[in-house]
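Here the structure is laid out as structure tokens; the discussion comes afterwards.
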Amino acid sequence: MVDWIDFVKYNGQTYEGDWSATTVAEENIGELLGSIENSVPSEIRNFSEYTVPDNASPYRSVGTPFYAVPDNENAIAVYDKNKDTYYLYQLKE
């Protein structure tokens with residue numbers, strides 16, 4: 001079992017969330033960058049050989065869209081349709 005952090009991998013980079021503590025106002029949402037295409041499994045047999053694919057997340061559902069945040073080039077906004085809210089994910093350094 002893997003205890004993943006809350007993240008989205010996009011364009012080869014990992015953006016970390018803070019468990020939905022930080023939101024982004026709708027007026028600060030930029031262009032659509034993509035959507036979650038892959039679920040990251042919670043059980044991995046050969047963890048050292050596993051590579052997280054792009055457009056993947058362990059906690060966000062397949063099909064969840066994410067957007068640019070125009071005033072923050074090191075962040076994306078992930079939309080949660082159940083709560084009609086955008087959550088901030090910061091580039092992991």
Decide whether [X] and [Y] are clustered together by the hydrophobic rule: side chain heavy atoms of Ile, Leu, Val, Met, Phe, Trp, Tyr closer than 4.5 Å, transitively.
X	Y	value
Ile76	Ile5	no
Leu91	Trp19	no
Tyr67	Val8	no
Tyr79	Leu88	yes
Val78	Tyr15	yes

Which value, rounded to the nearest 0.5 Å, describes the distance between Asn82 atom CG and Ser61 atom OG? 7.5 Å
Could you tell me whether the side chain of [Y] reaches within less than 4.5 Å of the side chain of [X], counting heavy atoms only?
X	Y	value
Lys92	Glu16	yes
Val40	Tyr59	no
Val2	Ser42	no

Can you find a side-chain donor-acceptor pair between Asn28 and Tyr86 that sits under 3.5 Å? no
Verify side chain to side chain donor-acceptor pair (under 3.5 Å) between Arg60 and Tyr87, making sure each step is shown before the conclusion. CA-CA 11 Å; Arg60 298 294 172 180; Tyr87 293 104; 5.9 Å; no
Checking [X] side chain against [Y] main chain: does a donor-acceptor pair fall under 3.5 Å?
X	Y	answer
Lys9	Ala56	no
Trp4	Ser57	no
Thr85	Lys83	yes
Asp18	Thr22	yes

Between Tyr10 and Phe66, what is the ring plane arrangement, given parallel below 30°, perpendicular above 60°, and tilted in between? perpendicular
I need the minimum non-hydrogen distance between [X] and [Y], along with the two atoms involved.
X	Y	value
Pro65	Leu32	CB-CD1, 3.8 Å
Ser35	Gly63	CB-O, 3.9 Å
Ala77	Ile29	CB-CD1, 3.5 Å

Give the intermediate values and the outcome of side chain to side chain contact (heavy atoms under 4.5 Å, CB included) for residues Glu49 and Ile44. CA-CA 9 Å; Glu49 297 177 12; Ile44 300 172; over 6 Å; no
Atom CD of Glu37: over 12 foreign heavy atoms under 6.0 Å: yes
